[in-house]
Amino acid sequence: MSVDTDGTEPRTETDEPGWEVDPDDESGAAVVATVGRQLRLRREAAGLRAAEFGQAIGYGEDLVYKVEAGTRIPRQEYLDKADKVLRAEGMISAMKQDVAEVRYPKRIRDLAKMEARAVELAVYASRTPHGLLQTEEYARALFEMRRPAYSRDEVELALVARMARRSIFERSPAPALSFVLEEVTLRRPIGGRMVLHQQLERFLELGQLRNVEIQVMPTDREDHAGVDGDIRMLKFADGATVGRSDGAFAGRPVSDPKQIRILELRYGIIRAQALTPRESLAFIEQVLGET
């Protein structure tokens, strides 16, 4: 087997999950096809055969062909090495952002774009903690217990997409983020006790952020405005709001001010019925000590 320029063996396998092109994602497939075509044209212009090029960047010939054919999404390191070998002076590396985005399913990309523009996010989650709050191990456990079962590739792709959305916590200026969780989600050992322990620690970590408020709805509450299911609202700088609730408007996303007011009313009552953010963090600490 040939050796890469850094002394490592080249990658000859293409079975790593999460890098296949979704045939139903026309816009994403078009981006990958364009990148692959540019790579092939530059390789041929440099007088390199696919096998030679693959050896130079540390990947197998089969993968080179798949990337150039637009059926395989190239990793960022693949593009960086290709840029260097083909002396593209940054032109190939510049495609990394577009390629990184199309790795995720289109609906996830659309959601991430909305979250990236939002100045406020309000969530009531009745069954599991909202995805933005989940640790990687907790999210993996959730995806792996789906029925019908996800394939290995589907689990990995969904996991990477969910973890990428957590960049919302690093935005500047920071959006206002509000979450209400059910007490049962703090106690159910999804993935095992250690995974739950890490998830509780994650709640406490995020709850310390000045722009994040996490509240817990105790199980013993006699009045509960969230019995109809989850609520999520995104508010934007121009005053527009998009919301969705399992128990309202047939579960469809809405933006009409009258419908949004109904969701805001419900969410406001839910927050009033839940423990305050300070009480909630103390409660999570207590559960953590019991776990």
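Computed from a predicted model, the values in this text were never measured in an experiment.
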Open item on the list: Does any part of the side chain of Val195, heavy atoms only, come nearer than 4.5 Å to the side chain of Ile190, both counted from C-beta?
Closed with: no
TODO: Decide yes or no for Arg140 and Glu156: does some side-chain heavy atom of the first lie under 4.5 Å from some side-chain heavy atom of the second?
DONE: yes
Open item on the list: For a side chain to side chain contact (heavy atoms under 4.5 Å, CB included) check, start with the C-alpha distance between Glu264 and Lys235, then their side-chain angles and the critical distance, and finish with the verdict.
Closed with: CA-CA 11 Å; Glu264 289 178 330; Lys235 298 187 178 184; 2.9 Å; yes
Open item on the list: According to ring pair (Phe, Tyr, Trp, His ring centres under 6.0 Å), who are the partners of His224, at least two apart in sequence or on a separate chain?
Closed with: Tyr124
Task: From OG1 (Thr241) to CD1 (Ile260), nearest 0.5 Å - done: 5.5 Å
- [ ] Walk me through it: do Leu39 and Leu79 pass the test side chain to side chain contact (heavy atoms under 4.5 Å, CB included)?
- [x] CA-CA 9 Å; Leu39 286 167; Leu79 296 175; 4.1 Å; yes
Task: Nearest-0.5 Å distance, OG1 of residue Thr219 to CE of residue Met217 - done: 10.0 Å
Task: Side-chain heavy atoms of Val254 within contact of Leu263, under 4.5 Å - done: yes
Open item on the list: Tell me whether the count of non-hydrogen atoms from other residues, nucleotides or ligands lying under 6.0 Å of CE in Met145 goes above 12.
Closed with: yes
Task: Partners meeting salt bridge (Lys or Arg N to Asp or Glu O under 4.0 Å) with Asp256 (sequence neighbours left out) - done: none
TODO: Taking side chain to side chain contact (heavy atoms under 4.5 Å, CB included) as the test, write out the residues that go with Ile269, two or more places apart.
DONE: Ala225, Leu265, Gln273
Task: Flag side-chain contact, heavy atom, 4.5 Å: Arg162 against Phe143 - done: yes
Task: Crowding at NZ, Lys96 (>12 non-hydrogen neighbours, <6.0 Å) - done: yes
Open item on the list: In this structure, would Val67 and Val31 fall into the same cluster of hydrophobic residues linked by side-chain contacts under 4.5 Å?
Closed with: yes
Task: Side chain to side chain, Leu48 and Leu86, heavy atoms closer than 4.5 Å - done: yes
Task: Over 12 foreign heavy atoms within 6.0 Å of CZ, Arg171 - done: yes
Open item on the list: Is there a continuous path of hydrophobic side-chain contacts, each under 4.5 Å between heavy atoms, that joins Met91 to Val35?
Closed with: no
Open item on the list: With a 3.5 Å distance limit and no angle check, can you tell me whether Gln134 reaches the backbone of Pro129 through a side-chain donor-acceptor pair?
Closed with: yes
- [ ] Determine, stepwise, if the pair Phe236 / Val242 fulfils side chain to side chain contact (heavy atoms under 4.5 Å, CB included).
- [x] CA-CA 9 Å; Phe236 305 98; Val242 175; 3.9 Å; yes
- [ ] Work out which heavy atom in Ile73 is nearest to a heavy atom in Val32; give both atom names and the distance.
- [x] CG1-CG2, 3.9 Å
TODO: Quick one: pull up CG in Leu200 and CZ in Phe283 and give me the separation to the nearest 0.5 Å.
DONE: 10.5 Å
- [ ] Report yes if the side chains of Arg127 and Asp246 come closer than 4.5 Å at any heavy-atom pair, otherwise no.
- [x] yes
Task: Contacts of Tyr267 that satisfy side chain to side chain donor-acceptor pair (under 3.5 Å) - sequence neighbours left out - done: Ser178
- [ ] State, yes or no, whether a side-chain contact exists between Arg266 and Ile262 at a heavy-atom distance under 4.5 Å.
- [x] yes
- [ ] Kindly compute the distance separating CG (Leu181) from CD1 (Ile284), expressed to the nearest 0.5 Å.
- [x] 6.5 Å
Open item on the list: If hydrophobic clusters are built from ILVMFWY residues whose side chains come within less than 4.5 Å, do Leu288 and Val216 share one?
Closed with: yes
TODO: Using the six-membered ring wherever Trp is involved, compare the ring planes of His130 and Phe179 and label them parallel, tilted or perpendicular (cut-offs 30° and 60°).
DONE: tilted
Open item on the list: Run Tyr59 and Glu77 through side chain to side chain contact (heavy atoms under 4.5 Å, CB included) and show every step you take.
Closed with: CA-CA 11 Å; Tyr59 285 83; Glu77 67 177 27; 2.4 Å; yes
Open item on the list: Please find the pair of heavy atoms, one from Ile214 and one from Gly207, that lie closest to each other, and give the distance.
Closed with: CD1-N, 3.9 Å
- [ ] Salt-bridge test for Glu68 and Arg43: reply yes if a basic N is under 4.0 Å from a carboxylate O, no otherwise.
- [x] yes
TODO: Look up atom CD in Glu120 and atom CG in Leu234, then write down how far apart they are to the nearest 0.5 Å.
DONE: 10.0 Å
Open item on the list: Ignoring hydrogens, what is the shortest heavy-atom contact between Asn211 and Ala174? Give both atom names and the distance.
Closed with: ND2-CB, 3.5 Å
Open item on the list: Can a donor-acceptor pair be found, under 3.5 Å and without considering hydrogens, that links the side chain of Thr71 to the backbone of Lys66?
Closed with: yes
- [ ] Treat each ILVMFWY residue as a node, draw an edge where side-chain heavy atoms are under 4.5 Å apart, and state whether Leu133 and Leu204 are in one component.
- [x] yes
Open item on the list: Determine whether a donor-acceptor pair (N or O, by modelled atom type, separation under 3.5 Å) exists between the side chain of Thr135 and the backbone of Gln199.
Closed with: no
Task: For Ser93 against Asp83, the heavy-atom pair lying closest together - done: N-OD2, 3.1 Å
Task: Minimum heavy-atom distance Met163-Ala139, with the two atoms named - done: CE-CB, 4.0 Å
- [ ] Just jot down the side chain to side chain donor-acceptor pair (under 3.5 Å) partners of Glu52, sequence neighbours excluded, or say none.
- [x] Arg49
TODO: Report yes if some heavy atom in the side chain of Pro175 is under 4.5 Å from a heavy atom in the side chain of Leu121; otherwise report no.
DONE: no
Task: Closest non-hydrogen atom pair between Glu115 and Ile168, with its separation - done: O-CD1, 3.8 Å
TODO: Verify salt bridge (charged side-chain N to carboxylate O under 4.0 Å, His left out) between Glu213 and Arg271, making sure each step is shown before the conclusion.
DONE: CA-CA 10 Å; Glu213 291 189 334; Arg271 292 196 67 185; 2.4 Å; yes
- [ ] Check whether any side-chain N or O of Ser245 sits under 3.5 Å from a backbone N or O of Asp230 as a donor-acceptor pair, and report yes or no.
- [x] yes
Open item on the list: According to side chain to side chain donor-acceptor pair (under 3.5 Å), does anything in residues 185-195 pair up with another residue at least two apart or in another chain? List the pairs.
Closed with: Glu183-Arg187, Arg187-Glu290
